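A quick write-up on the structure given underneath.
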Amino acid sequence: MKQIRICSGCIQMADKIIILPPEIVNKIAAGEVVERPASVVKELAENSLDAGATVVEVEIKDAGKNLIRVIDNGSGMSKEDVLLCTSAHATSKISSVEDLERISTLGFRGEALSSIASVSLLRIITRTEKMDAAVELEIEAGRIKSDKEIGNPKGTTVEVRNLFFNTPARKKFLKSPATEMGHIIHIMEQFALAYPVVQFRLIHQEQELLNLLPVEDKLARVDEVLGGDLAENLCVLSFEERDFKIYGFLSKPNFSRLDRYGQFFFVNKRAIANKSLTHAVFSVYQELLPKERFPVAIVYIDINPRLVDVNVHPTKREIRFQNEKLIHDSLYQAIRNCLLENSLIPEIKEGAGNAAESFKTGEQVTHYSYSGTSQLFQEDAFFSPEISLLRKTPFLQVNNLYILTSDEEGVLIIDQHAASERIIFDVLSRGKETKEIQRLLIPEVIDLGLKESQILKENLEELRKLGFELEEFGKTSFQIKTTPAILSDKNPRQLILDIVSEIQEGGNRVFKLERERLLALIACHSAVKAGDRLDDLQVARLIGDLKNTKFPYTCPHGRPTMIRLGWEELEKKFKRK
Ligand code: ADP
Ligand code: MG
């Protein structure tokens, strides 16, 4: 027990809690912590988790406007501490400036309870292991109204009624009950994903919305929280460095969403937002997914607390890494490796989520199921030299579009256009083929409109790097002198026109196409088309080249290059089993 000064001339007894001195308070990122009911839920549940609770129950009435009650079975507070806990800057979690640099708890500023207490009617019931009875405290607009002993098990219950009763402006800004509940559910999901061993319950208007039992395995929790067919379409992310560890789950490329809602980042179990982490995920998937589609990514980073600053944002949502680039690059690498190691060939299966049907771009979620690793992409010897390939792998081009072949696990159906696009895209992005340029015997001339020619001018340099030499020929005309060899006999004029119109579609602001988009366009034009008849050697080359690409399983627009019909599935279909 210690004596602490809470204001000049005012001394109070305390157990674990202290009132932070001004030199620490001044170093704390100040700002509003209680914006809406979900922020109250967040702060209270954080306190429960910091108190070591294994069960956290959240009860809500009227989307939080009238009641938010969080019940935990954590350590509880002594009578001295509970009397202090709603004072400004009262915390048991840090006591020195140095502590600010190694935060390992969710809270540390001693601001939440005091802020919540000042805008609501608060009731706290708490009991530690040592106490014979619980203490109940009632606080109105920050003032303690009553304290008494009552019977209650170990742990803490915090009840917040009439939120924002004395700040009508803030109350007015609350959104519809459905929206506010949506925020609360999202907060609960974040906690649930970060703490799989903790049981979480959420009750709204006496109806149980969530009851997540403790699980050892994070994937089981992910499955329960995010549901659907997600779990079987995830691959496991894992990466370790001396000072940090990255792990988690990523959706395979054909399981994507129309929003970023499936992306969660946790740093030392804290749900956070950080631009470089989002960017790392985006950079890997941008080649694999169609535009405007997003992967599911649940990324956990455990890092030495000294290497991350959590004291940059009032609600602690944003954080800063000491070495932002290292974390970004590590996550990027980890994601790439994860996707490469996993077989990314969609498998045809009976029942829900039928591969052939499920890739509809309008749907919220598209899904294929994937399984096993492909032998086709492991046995290098299998592919070289080409002659042995011809002898060893039977294949067949059908409908001048698909190539049927097989690997250890089943029959493979390859889309020749998608496969060829992927191959060309890869060659172009490696910059290999750009030196191989073909000069046109008779330069092609294109005439453009004023704006279009302006657009093309802006992109001449980038195009030149890729092997297109274009010369201005009058005000709005250009001569195409060279093209990349990979385009062979394809019409360069049409391609240039397409590039210009694609840039134009992007709106007036963007006059330059991202390099990736440019490459995808060139790949699309140069690729083998649906309807092209291929001879055996061309098919063998296509299969061999596809295997050598970075991501053989999807084209640069994110469509699959191949799907597999597993041997087992075939046996079932033919009733052999
Ligand atoms: P912080 O979490 O930043 O320390 P809070 O205002 O959220 O600040 O809480 C103040 C203090 O009250 C905490 O440091 C902790 O000692 C105590 N406390 C709050 N909630 C609980 C709880 N559910 N169980 C045990 N102690 C709690
Ligand atoms: Mg707190």
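Since we're looking at a predicted model, the values are computed, not measured. Atoms within a ligand are numbered from 1 in the order they appear, just like the ligands themselves.
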Q | Lys27, NZ: over 12 other non-hydrogen atoms inside 6.0 angstrom | A | no

Do any side-chain atoms of residues 62-72 form donor-acceptor pairs under 3.5 angstrom with protein atoms, and if so which ones, sequence neighbours left out?
residue: Asp62; atom: OD1; partner: Gln205; partner atom: NE2; Å: 3.2
residue: Asp62; atom: OD2; partner: Asn66; partner atom: ND2; Å: 2.7
residue: Arg69; atom: NE; partner: Glu159; partner atom: OE2; Å: 2.9
residue: Arg69; atom: NH1; partner: Glu59; partner atom: OE1; Å: 2.8
residue: Arg69; atom: NH1; partner: Glu59; partner atom: OE2; Å: 3.2
residue: Arg69; atom: NH2; partner: Glu159; partner atom: OE2; Å: 3.3
residue: Asp72; atom: OD1; partner: Gly74; partner atom: N; Å: 2.8
residue: Asp72; atom: OD1; partner: Thr156; partner atom: N; Å: 3.0
residue: Asp72; atom: OD2; partner: Ser48; partner atom: OG; Å: 2.7

Q.
So for ligand 1, is Phe108 a polar contact partner (N or O within less than 3.5 Å, distance only)?
A. yes

Q.
Heavy atoms only, cut-off 4.0 Å: how does Ala51 contact ligand 1, side chain, backbone, both, or neither?
A. side chain

Q) Does a salt bridge link Arg306 with Glu98, judged by any charged N lying under 4.0 Å from a carboxylate O? A) no

Q: Examine the proximity of ligand 1 to Asp72 and report which part, side chain or backbone, both or neither, has a heavy atom under 4.0 Å away.
A: side chain

(Q) If you define the side chain from C-beta out and look only at heavy atoms, does anything of Phe321 sit under 4.5 Å from Leu277? (A) yes

Q.
Considering both backbone and side-chain atoms of Ser75, is one of its nitrogen or oxygen atoms within less than 3.5 Å of a nitrogen or oxygen in ligand 1?
A. no

Q: Look at the rings of Phe282 and His279 and say which category their plane angle falls in: under 30° parallel, 30 to 60° tilted, over 60° perpendicular.
A: tilted

Tabulate below the donor-acceptor pairs under 3.5 Å that side-chain atoms of residues 180-199 make, not counting sequence neighbours, or state none.
residue: Glu180; atom: OE1; partner: Arg36; partner atom: NE; Å: 3.0
residue: Glu180; atom: OE2; partner: Arg36; partner atom: NH2; Å: 3.2
residue: Glu180; atom: OE2; partner: Lys175; partner atom: N; Å: 2.8
residue: His183; atom: NE2; partner: Arg36; partner atom: NH1; Å: 3.4
residue: His186; atom: ND1; partner: Tyr261; partner atom: OH; Å: 3.4
residue: His186; atom: NE2; partner: Gln190; partner atom: NE2; Å: 3.3
residue: Glu189; atom: OE1; partner: Tyr261; partner atom: OH; Å: 2.6
residue: Gln199; atom: NE2; partner: Asn211; partner atom: OD1; Å: 3.0

Q. Between Ala90 and ligand 1, which residue portion shows a heavy-atom distance shorter than 4.0 Å: side chain, backbone, both, or neither?
A. backbone

Q. Does Ile17 approach ligand 1 within less than 4.0 angstrom via side chain, backbone, both or neither, non-hydrogen atoms only?
A. side chain

Q | Metal site the Mg ion (ligand 2), protein N/O/S atoms found under 2.8 Å | A | 1

Q: Specify side chain, backbone, both or neither for Leu113, according to which of its non-hydrogen atoms lie closer than 4.0 Å to ligand 1.
A: both

Q. Does one side chain, of Asn73 or Thr54, offer a donor that lies under 3.5 Å from an acceptor on the other?
A. yes

Q: Could you name each residue pair satisfying ring pair (Phe, Tyr, Trp, His ring centres under 6.0 Å) that touches residues 217-252, not counting sequence neighbours?
A: Tyr247-Tyr300

